Amino acid sequence: RHGHGRGRGLGVNYGRVADDIPAPRRSVQLLRAAGAGSVKIYDVNPAVLRALAGTGMAVSIMVPNQIIPDLAASYAAADRWVAANLLPYLPRTRVKYLLVGNEVLSDGSIAASTWTRIVPAMENLHRSLRARRVSRVKLGTTLAMDALVTGAFPRPPSAAAFRPDIAESVLHPLLRLALLGPPSLLV
């Protein structure tokens, strides 16, 4: 169905840190005109989420890096975040993914405070989603190419290696969660 968003192949990262950005409704009109079927937003912006309501576009919402430690430490904090930042927009806004952090492993300044807390934050968010019977929203995180060992672009790509500083402490637990965790998780 043209213009509805489902089944379309174009995905757009919708950042709002710039000058002269169109209003959310106008931005969504432009996304639809470009044929976008999915959009990733970098924060929970109520006006943007309301503008995406009813479009059928798959929406990915980034969970801010700075709140990962709190979400990891407390199920109650994760549940409050879900209640305040996700539930008000469902089901009209087709939120498909919560992405815990924005390229967290690229920021060495938060290594001690945040890196190893990604998986516990995902687990608490997942518990909250299940408790609230939200089954269509999956969890994941984003990784930049710098998560790979410098120059690690072998053929085949599956032979690439992760950086030693994140392989054991972060990525093994993340992969274990993906393999052994609930099927509603996406990593």
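Keep in mind that this is a model prediction, so the values were computed, not measured.
For Arg25, the CZ atom counts as loosely surrounded, since its 6.0 Å shell holds 12 or fewer non-hydrogen atoms of other residues, nucleotides or ligands.
Residues Gly101 and Ile68 come closest through the heavy atom pair CA-CD1, 3.8 Å. Closest approach of Ser113 to Pro69, counting heavy atoms only: O-CG, 3.3 Å. When all heavy atoms of Asn124 and Ser74 are compared, the pair lying nearest together is ND2-C, 3.6 Å. Minimum interatomic distance between Gly15 and Tyr42 (heavy atoms only, all atoms of both residues): CA-CD1, 3.8 Å. In this structure, Asp43 and Ile61 approach most closely via the heavy-atom pair O-CG2, 4.4 Å.
With sequence neighbours excluded, no residue forms a side-chain hydrogen bond (donor to acceptor under 3.5 Å, both in side chains) with Thr142. Here Tyr89 pairs with nothing under the side-chain hydrogen bond (donor to acceptor under 3.5 Å, both in side chains) rule; sequence neighbours left out. Applying the side-chain hydrogen bond (donor to acceptor under 3.5 Å, both in side chains) rule to Ser27 yields the partners Tyr14; only residues at least two apart in sequence or on another chain are considered.
At least one side-chain heavy atom of Val63 sits less than 4.5 Å from a side-chain heavy atom of Leu71. Counting heavy atoms from C-beta on, the side chains of Ile41 and Met62 never come closer than 4.5 Å. Counting heavy atoms from C-beta on, the side chains of Phe162 and Leu148 come closer than 4.5 Å. A heavy-atom distance below 4.5 Å is not found between the side chains of Pro91 and Arg136.
Here the side chain of Thr93 pairs a donor or acceptor atom with the backbone of Leu49 at under 3.5 angstrom. Looking at Arg94, its side chain never comes within 3.5 Å of a backbone N or O of Met57 through a donor-acceptor pair. Looking only at distances, a side-chain donor or acceptor of Thr141 sits under 3.5 Å from a matching main-chain atom of Val100.
Note on Leu10: it clusters hydrophobically with Val28, by side-chain heavy-atom contacts below 4.5 Å among ILVMFWY residues. By the rule that hydrophobic residues join a cluster once side-chain heavy atoms approach within less than 4.5 Å of another member, Val12 and Val17 end up as members of separate clusters.
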For residues 164-178, which side-chain N or O atoms pair as donor and acceptor with protein atoms under 3.5 Å away, sequence neighbours left out?
unit_1 : atom_1 : unit_2 : atom_2 : d
Asp165 : OD1    : Arg163 : NE     : 2.9
Asp165 : OD2    : Arg163 : NH2    : 3.2
Glu168 : OE1    : His172 : ND1    : 3.1
Glu168 : OE2    : His172 : ND1    : 3.0
Ser169 : OG     : Asp165 : O      : 3.4

Review item, side-chain donor-acceptor pairs of residues 75-88, under 3.5 Å, at least two apart:
unit_1 : atom_1 : unit_2 : atom_2 : d
Asp79  : OD1    : Ser128 : OG     : 2.7
Asp79  : OD1    : Arg132 : NE     : 2.8
Asp79  : OD2    : Arg132 : NH2    : 3.1
Asn85  : ND2    : Trp81  : O      : 3.1

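In this structure, Arg50 CZ and Asn45 CG are separated by 8.0 Å, a value rounded to the nearest 0.5 Å. The CZ atom of Arg26 sits 14.5 Å away from atom CD1 of Ile21, with the distance rounded to the nearest 0.5 Å. Put simply, CG on Leu98 and NZ on Lys138 are 13.0 Å apart, with the number rounded to the nearest 0.5 Å.
Sequence neighbours left out, the pairs with a member in residues 100-111 that pass side-chain hydrogen bond (donor to acceptor under 3.5 Å, both in side chains) are Ser106-Asp146, Asp107-Ser109.
A donor and an acceptor atom, one from each side chain of Gln29 and Arg32, are nowhere located under 3.5 Å apart.
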